[in-house]
Amino acid sequence: MEKTLVILKPSCVQRALIGEVISRFEKKGLQLIGMKMMQLTDSILDVHYAHLKDKPFFQRVKNSMSASPVVVQCWAGNDAAKVVRNIIGITNGRNAAAGTIRGDFSMSAQENVVHASDSAESAEVELKRFFTDNEIFDYKISTQNYLYADDEI
Ligand code: ADP
């Protein structure tokens, strides 16, 4: 099964949206296989947001991501990275479609509640950044045959 990284940002933790966001991924049929609370540091954020280092808002985004603890999660499922990105919506919450997490809970380009890996390839790299191997749990769920057809498992 494909794995992807989700980070419940300080804007999620502070606004008490942790349960709401987890519930959306659970109800979709994704499997939670890793989760912990972390305080992010400037050094991990330098790497995680390296693609933004020349943007004027780089330091502001890093400050926002370290303003309180975050919850990091690993979700698994077929096409998990794409499915999760569809559920969270586009970056700017004001433009994100209603029904997505950002579309329903964010008014901001920065304070947009969740991070999710943008592809399966990025997820492999990002999961190693936040989790050790023994923090990811490979366990069977009994509902598998009701989530997927035989040829999808
Ligand atoms: P995404 O999180 O949708 O993959 P990016 O990787 O482009 O988006 O940006 C990472 C994070 O940086 C965003 O989730 C958001 O918190 C912040 N960000 C992106 N663009 C802006 C912007 N124009 N102004 C403020 N913050 C931004």
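When a residue number appears, it is its place in the shown sequence, counting from 1. These numbers come from a predicted model, not from an experiment. For ligands, and for the atoms within them, numbers begin at 1 and follow the listed sequence.
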Protein heavy-atom partner closest to [atom] - residue, atom, separation in Å:
atom                    : value
atom 12 (O) of ligand 1 : Leu52 CD1, 3.4 Å
atom 16 (O) of ligand 1 : Gln110 O, 2.9 Å
atom 2 (O) of ligand 1  : Arg102 NH2, 3.1 Å
atom 15 (C) of ligand 1 : Ala109 O, 3.2 Å
atom 4 (O) of ligand 1  : Arg85 NH1, 3.0 Å

Return yes if some donor-acceptor pair links the side-chain N/O of [X] with the main-chain N/O of [Y] below 3.5 Å, else return no.
X      : Y      : result
Glu2   : Ala81  : yes
Arg15  : Phe105 : yes
Arg102 : Val114 : yes
Arg85  : Ala116 : yes
Gln39  : Ser66  : yes

Taking only heavy atoms of [X] into account, list the atoms of ligand 1 that are under 4.0 Å away from them.
X      : value
Thr91  : 1 (P), 3 (O), 8 (O), 13 (C), 19 (C)
His51  : 5 (P), 6 (O)
Asn112 : 13 (C), 14 (O), 15 (C), 16 (O)
Val61  : 12 (O), 17 (C), 26 (N)

| query | Is the number of heavy atoms from other residues, nucleotides or ligands under 6.0 Å of Lys36 NZ greater than 12? | reply |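 Yes, NZ of Lys36 has more than 12 neighbouring heavy atoms, counting only those of other groups under 6.0 Å.
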Problem set entry | Heavy-atom nearest option to atom 23 (N) of ligand 1, drawn from Phe57, Tyr49, Phe58 |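 Shortest heavy-atom distance from atom 23 (N) of ligand 1: Phe57.
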### contact_flag His48 ligand 1 heavy-atom lt 4.0 Å
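No.
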**Asked** Judged by non-hydrogen atoms, does Glu111 sit under 4.0 Å from ligand 1?
**Response**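 Under 4.0 Å: no for Glu111.
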(message) Within 45 degrees of the ring normal and closer than 6.0 Å to the centroid, is that where the cationic atom of Lys62 sits relative to Tyr49?
(response)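 The answer is no, since Lys62 fails at least one limit relative to Tyr49.
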Nearest 0.5 angstrom please: Ile33 CD1 to Lys3 NZ, how far?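 Reported to 0.5 Å precision, the distance equals 5.0 Å.
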